[in-house]
There are 2 protein chains.
Amino acid sequence: MAAVARHAGVSSMTVSNVLNNKPSVLPATREAVLKAIAELDYRPNTAARALASASNYRIGLFHRDSDSALLSAMLVGALNASARLGVQLNIKVYDQKSPLDSVRDFLSTSPDGLLLPPPLCERVSAAGLPEEYDVPMVALAAGRELGNMHCVRIDDEQAAYETTGILLRAGHRRIGFVRIPSLAGESRFAGYARALADQGLALDEALVWNARPTFDAGLRLAEEILPGKRAITAMFAGNDDMAAAFVNVALRTNLRVPEDISVVGFDDTPIAVKIWPALTTVRQPLGEIAEVATRHLVAQLQARDKETKAAPGGTTFVDYQIIERNSVAPPSS
Amino acid sequence: MAAVARHAGVSSMTVSNVLNNKPSVLPATREAVLKAIAELDYRPNTAARALASASNYRIGLFHRDSDSALLSAMLVGALNASARLGVQLNIKVYDQKSPLDSVRDFLSTSPDGLLLPPPLCERVSAAGLPEEYDVPMVALAAGRELGNMHCVRIDDEQAAYETTGILLRAGHRRIGFVRIPSLAGESRFAGYARALADQGLALDEALVWNARPTFDAGLRLAEEILPGKRAITAMFAGNDDMAAAFVNVALRTNLRVPEDISVVGFDDTPIAVKIWPALTTVRQPLGEIAEVATRHLVAQLQARDKETKAAPGGTTFVDYQIIERNSVAPPSS
DNA sequence: CTGAAAGCGCTTACAG
DNA sequence: CTGAAAGCGCTTACAG
């Protein structure tokens, strides 16, 4: 940095000011510094920044070992943001048997904040950990607003509403729905119900099944639903894994997808394009969610340090995207 | 750290020595420090360590956006190791169209070292970048020894040999093989050929197909091979994605897996358990590979700083594991 | 709008 | 075997 300062004929403080986008720097000075940075190909030392910035925050990102499909995007997003902000990110794997204990253990090491993906965020929120510990927590993709912690997510209800709309517009009237036990599941069910209501269709409880959001559960459910006379012409599965299970069972029982039955998923995980037909599904930008969540958490930390008390709860929305592939077609008559 | 030192009645230097396992510390002193650390629940500041240690290395880990299945494990492994070693890890996404340019771009920012997963490591090695730039590079899971950079990997040849053995022991004699265009593909093919030779079986070139290791390529190949009279009773696919494609096409063409045809994959990516039947496959411990590679790279950097010249090339092996699930059965007569 | 000084929490030679 | 001093590369108040 000293070299850049010399090159630009300013002090290293000014270089720092430019780097951190301080508004006080004169445009001309800023440009000179930027030019010096480019010419010397200078890259700030993350460690030094982290150390020097009063912040020096340490935040934890929890994840289960199992769901790598969702994990890598989140990791990359959180990593990017934390590197830029100079905060120390601790990646923690939690035990499925006692997730709360894992969180408490980590909390006992006095971290500055927590990043909680589902389903952990729901558990932590319900257990009242945000009130018990004075450590800011941010939920990722929680499905709906959480009273005691901020949440960064897509609008699950609206996404499910629009996705159901695609099925309705294709001509389907008997659309099955898998309701997964989570806040996201509830929000999506609400969106599905609203879409039906908008078309003047009654919600038929017989077409709604409750199941855990795993491939295995999807397999069992599909084996129960698909054979014989089917009540549905389309299935809105709880997520991509379940949708993949439906496609799999359909193929085994000589049903064509999408000709005989349409299937849509949720999440746009890698499996969506690793089966045939590729799944029509909703993309949640997990990387962006993690990035935004990390920034929000750090902002919360800084605000707190300045005694600007922030309100708990609240939501930041991130855009989703409906990806139409090959698993939806009009119902065969 | 000062608090720990005070608590233990020593200087902070001694605390540092304990933390870094310096042999000079007396057992009694060490214990006192360790006790103080535990009582105060002290955790060293990574940023400060990184900054203070003369090292202060910055290394890059490249990856494609596409293969998230392999990515997350590698990320976590490299992250763990780099946090522990206090080195700065830059995660870089490279462009598939011009991977070498991405590497050169990054190299121009003067990093201290590179971590290269396949297939990038092969390209970089073949292009002679290790000779061109004086930056240590370590290849992850490269499939076989690379002359100009160190490689951390499983023994692909032996893994394929053993996996083919499982098929042979189940009674299969006409075993198909998908040869993917990579060093790993070559090594695995060699293992397959050796297993056949061991049983006195001739290698039948008609049962060996070349294809890129993607789900789509697997789909096309399976659609060509499976219908009609089949030459094979089992297929050793190039990886899990391809194996999944074979299972998918088999189901669509009314073939039962594994009763009518056995299928095995390679990698043990998440898709292996997200299809039915779940795949018998070879697990590559990517997390461990990344961790070992990061440590090796840093060791190389430190050795170089001390002018202890290290030999280029060389290999560190990591154990693989054959996971037997439900996609293999004896051939139907 | 810009800069001189102090300090973030460690580690590295170097004494003793 | 242990410690006092300097310094890693930045940023944060504080002057001017």
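Keep in mind that what you see is a predicted model, and the values were worked out from it rather than measured. Reminder, nothing fancy here: chain letters follow the sequence lines and each chain counts from 1.
Residues meeting the salt bridge (Lys or Arg N to Asp or Glu O under 4.0 Å) test with A/Glu39, sequence neighbours left out: A/Lys35. A search for salt bridge (Lys or Arg N to Asp or Glu O under 4.0 Å) contacts involving A/Glu132 returns A/Arg104, not counting sequence neighbours. Taking A/Ala32 as the reference, nothing meets the side-chain contact (heavy atoms from CB on, under 4.5 Å) condition, with sequence neighbours excluded. Partners of A/Leu183 according to the side-chain contact (heavy atoms from CB on, under 4.5 Å) rule, which considers only residues two or more places apart in sequence or in another chain, are A/Glu122, A/Arg144, A/Leu146. Partners of B/Ala127 under the side-chain contact (heavy atoms from CB on, under 4.5 Å) rule, at least two apart in sequence or in another chain, are B/Leu100, B/Leu129.
Here the closest heavy-atom approach between residue B/Glu291 and residue B/Gly77 is recorded as CG-O, 3.6 Å.
In this entry the distance linking CD of A/Gln88 with P of D/dC10 reads 18 Å, nearest Å. Atom CZ in A/Arg6 sits roughly 14 Å away from atom C1' in D/dG9 (whole-Å rounding). Look at CE on B/Met1: it is 13 Å from C1' on D/dA4, rounded to the nearest Å. Across the protein-nucleic acid pair, A/Lys22 atom NZ and C/dC1 atom C1' stand 14 Å apart, rounded to whole Å.
Contact check of residues 23-31 of chain B against DNA chain C (heavy atom, cut-off under 4.0 Å) returns no residues at all. Contacts between residues 13-21 of chain B and DNA chain C, defined by a heavy-atom separation below 4.0 Å, involve B/Met13, B/Ser16, B/Asn20, listed by number.
With B/Asp95 contributing its side chain and B/Lys97 its backbone, the two residues share a donor-acceptor pair below 3.5 Å. The closest donor-acceptor contact from the side chain of B/Thr315 to the backbone of B/Glu145 lies at 3.5 Å or more, if one exists at all. Listed for the A/Ser16 side chain is no donor-acceptor partner under 3.5 Å among the backbone atoms of A/Ser12. No donor-acceptor pair closer than 3.5 Å links the side chain of B/Asp112 to the backbone N or O of B/Ile59.
Residue pairs meeting the ring-ring contact (aromatic ring centres under 6.0 Å, His included) criterion with at least one member in residues 114-153 of chain B, sequence neighbours excluded: B/His150-B/His296. Listed by first then second residue, pairs satisfying ring-ring contact (aromatic ring centres under 6.0 Å, His included) with a partner in residues 18-46 of chain B number zero, not counting sequence neighbours. Applying the ring-ring contact (aromatic ring centres under 6.0 Å, His included) test to residues at least two apart or on different chains, the pairs with a partner in residues 74-124 of chain A are A/Phe62-A/Phe106.
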At a cut-off of 3.5 Å, list every protein nitrogen or oxygen paired with a nitrogen or oxygen from nucleotides 6-8 of chain D, distance to 0.1 Å.
residue : atom : partner : partner atom : Å
D/dC8   : O2   : B/Leu51 : O            : 3.4
D/dC8   : O2   : B/Ala52 : N            : 3.3

- [ ] Go ahead and write out DNA chain C as dot-bracket, 5' to 3': ( ) for pairs within the strand, [ ] for ones crossing earlier pairs, | when the partner sits on another strand, dots for unpaired; Watson-Crick or G-U wobble, both distances under 3.5 Å.
- [x] |||.||||||||.|||
